[in-house]
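Remarks on the structure that follows.
Because the structure is predicted, anything quoted here is derived from the model rather than measured. Note: hydrogens, waters and symmetry copies are ignored here, and every other heavy atom, side chains too, is used.
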Amino acid sequence: MRGALHAEWTKLRTVPSTWWLLLAVAALTVALSAAATGTVSTDQCPSPDACHEDTVKLSLTGIWLGQAAVAALGVLAMSGEYGTGTIHATLTAVPGRVRVLAAKAAVVLGSALAAGTVAVLGSLLAGRFILPGNGFSAAPLSLTEGPTLRAAVGTVLYFGLIALLSLGVATLVRDTAGAITTVLGLLYALPAVVELVGNEEWRERIREWAPASAGLAVQATKNLDSLPIAPWSGLAVLAAWAGAGLLAGAAVFTLRDA
């Protein structure tokens, strides 16, 4: 396994697109988060005390852009080898296909978590500087506060789970365009389609089980009773999606010719 991990990390870090995608994760997340926090102020509320904005969740808005780069990273880690044909050399060097997939999952997860940590800390730091200027005097966004720490850690884990889900889908589909379309459809199109469902009960059920809406519940620090699912439970739903994707990908990977 050590050799497989070293090989996968070597392949991942020597591909230029990997570093551009990791940079995009941090840059896009922080940029959108800063833009979102800059557009909200207490002037939009009847009074400063009447503002019940979830400043932590607002400061982490950028994940909606950053997750696209993470998804691309997870997909390319597998589909890139099928596109270039190097998957044959990989399976010749490491015949154990489950070991290959496990090694890919480990290096992709580690990379996504590292980039996600930078993105989350940068977003919270941006919010810490911007929000007080908009009238939110009580917006320290301190990681010593339990809800803020949970939202920060949960968002980093969200990035990692999206990377694993994307890797699993890419292993199933083997085509870069098809895999990215599938993952982005789950993350962006599904939440939009949910809003078109007329039945409120079904709308809530879909929100509870959709990967993005369930997983991002971990960011909320206020009005938790209004959420379709509890924060950690929502992240567990996303973990189930990622696990199912990897298991399905592993099953097909072991049974299908390269």
Side-chain angles (χ1 to χ4, degrees), residues 25-26 28-30 32-34 36-37 40 51-68 70-71 74 109 112-128 131 136 138-166 168 183 186-188 190-195 197 200-246:
V25 172
L28 293 176
T29 302
V30 175
L32 181 58
S33 295
T37 53
V40 178
C51 263
H52 301 291
E53 186 72 44
D54 190 338
T55 54
V56 176
K57 185 175 182 179
L58 177 65
S59 298
L60 296 173
T61 302
I63 194 172
W64 283 103
L65 267 182
Q67 65 179 356
V70 168
L109 176 61
L113 292 178
T117 299
V118 175
V120 167
L121 292 178
S123 297
L124 292 177
L125 186 63
R128 189 183 183 106
L131 289 172
F136 293 94
L141 301 179
S142 174
L143 293 178
T144 59
E145 296 182 356
T148 304
L149 180 61
R150 184 254 298 152
V153 173
T155 302
V156 173
L157 293 176
Y158 179 92
F159 276 123
L161 292 172
I162 292 299
L164 293 180
L165 172 61
S166 304
V183 176
L186 287 172
L187 298 180
Y188 296 105
L190 185 56
V193 171
V194 168
E195 300 305 318
V197 177
E200 179 64 26
E201 182 180 353
W202 276 105
R203 197 156 57 233
E204 287 300 307
R205 287 185 180 180
I206 297 174
R207 285 173 181 159
E208 290 177 2
W209 293 104
S213 58
L216 289 178
V218 77
Q219 291 185 332
T221 61
K222 293 183 178 180
N223 304 318
L224 300 185
D225 293 338
S226 64
L227 295 175
I229 191 170
W232 288 120
S233 299
L235 201 65
V237 169
L238 178 58
W241 275 88
L246 283 174

Of all residues at least two apart in sequence or in a different chain, which pass the side chain to side chain contact (heavy atoms under 4.5 Å, CB included) check with L65? L28, L32

Which side-chain N or O atoms in residues 230-245 pair as donor and acceptor under 3.5 Å with protein atoms at least two apart or in another chain?
from: W241; atom 1: NE1; to: W209; atom 2: O; distance (Å): 2.7

Pick out which of V120, L124, V30, T148 makes a side-chain contact (heavy atoms from CB on, under 4.5 Å) with S59. L124

For A115 and A26, the nearest pair of non-hydrogen atoms, with its separation, is O-CB, 4.5 Å

Residues in side chain to side chain donor-acceptor pair (under 3.5 Å) with T221, at least two apart? D54

Sequence neighbours excluded, the answer for side chain to side chain contact (heavy atoms under 4.5 Å, CB included) partners of P191 is A212

Applying side chain to side chain donor-acceptor pair (under 3.5 Å) to R150 and not counting sequence neighbours gives none

Side chain proximity check, S213 to L190, heavy atoms < 4.5 angstrom: no

How long is the straight-line distance from CD of E208 back to CG of L227, given to the nearest 0.5 Å? 10.5 Å

Side-chain donor-acceptor contacts of residues 153-163 below 3.5 Å, not counting sequence neighbours, with atom names and distances?
from: T155; atom 1: OG1; to: A151; atom 2: O; distance (Å): 2.6
from: T155; atom 1: OG1; to: Q219; atom 2: NE2; distance (Å): 3.3
from: Y158; atom 1: OH; to: Q67; atom 2: OE1; distance (Å): 2.6

Heavy atoms only: give me the nearest G66-T29 pair and the separation to one decimal. CA-OG1, 3.3 Å

Who are the side chain to side chain donor-acceptor pair (under 3.5 Å) partners of S123, not counting sequence neighbours? S33

